Amino acid sequence: MEINEFVGSRIKDRRLELGLTLDELASKVGYSDKSTLSRVENGKTDMPLKKLDKIAQVLDVTPAYLIGFTPEDIPDGLNKELFINYVHDSKNPDFLAAIEGTPSDDLCIKIKASDLNDSEVDYMDKQLDFIVGQRK
């Protein structure tokens, strides 16, 4: 599943859990009609980052949840709230202070400096899943 489809399915699933129509969510988020949001939910277009916060707020979830992070995804020993905040704001000073000098810090620096394309990110994600799976 592509990231667009994944984010769209998370938005749609949560919207339905809350009993909201597509029109209602679109209105609460600030869209004039449901067409853009419909394309997002169906994975046909990227989720505009400027709307991610608002959608998360209306759906009562975090932006990190919408893009796929859950507390279970976060390495042991790292403050989970700070890690999820990193997804939202990679310049978060509390997060940066918490990971400074750790292997997580080195990894974040490398990822940011690498300017990875979508297929490289997918590959890296699979490799991380494999590594974490070996710990279990």
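What you are looking at is a predicted structure, and each value in this text was computed from that prediction instead of being measured.
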**Message:** With a 4.5 Å cut-off on side-chain heavy atoms, are L37 and I55 touching?
**Reply:** yes

**Message:** How close do R15 and L25 get, counting heavy atoms only, and between which atoms?
**Reply:** CD-CD2, 3.7 Å

**Request:** Could you tell me the separation between the OG1 atom of T36 and the CD atom of E41, rounded to the nearest 0.5 Å?
**Result:** 12.0 Å

**Message:** Taking side-chain hydrogen bond (donor to acceptor under 3.5 Å, both in side chains) as the cut-off, I'd like each qualifying pair that reaches into residues 18-27, sequence neighbours left out, listed once.
**Reply:** T21-E24

**Message:** Is any side-chain heavy atom of V58 closer than 4.5 Å to one of L18?
**Reply:** no

**Item:** Inter-residue atom distance I11.CD1 - L52.CG, 0.5 Å rounding
**Value:** 7.0 Å

**Prompt:** Would you find a donor on one side and an acceptor on the other, under 3.5 Å apart, between the side chain of R39 and the backbone of T45?
**Reply:** no

**Request:** Assess K51 against Y31: is NZ or CZ under 6.0 Å from the centre of the six-membered ring, and within 45 degrees of the ring's axis?
**Result:** yes

**Request:** Over all heavy atoms of both residues, which pair between R14 and L59 is shortest? Give the atoms and the distance, please.
**Result:** NE-O, 2.8 Å

**Message:** Using modelled atom types and a 3.5 Å cut-off, is there a donor and acceptor pairing between side-chain atoms of N42 and backbone atoms of K44?
**Reply:** no

**Asked** Looking only at heavy atoms, what is the nearest atom pair of L22 and K34, with distance?
**Response** CG-CB, 3.8 Å

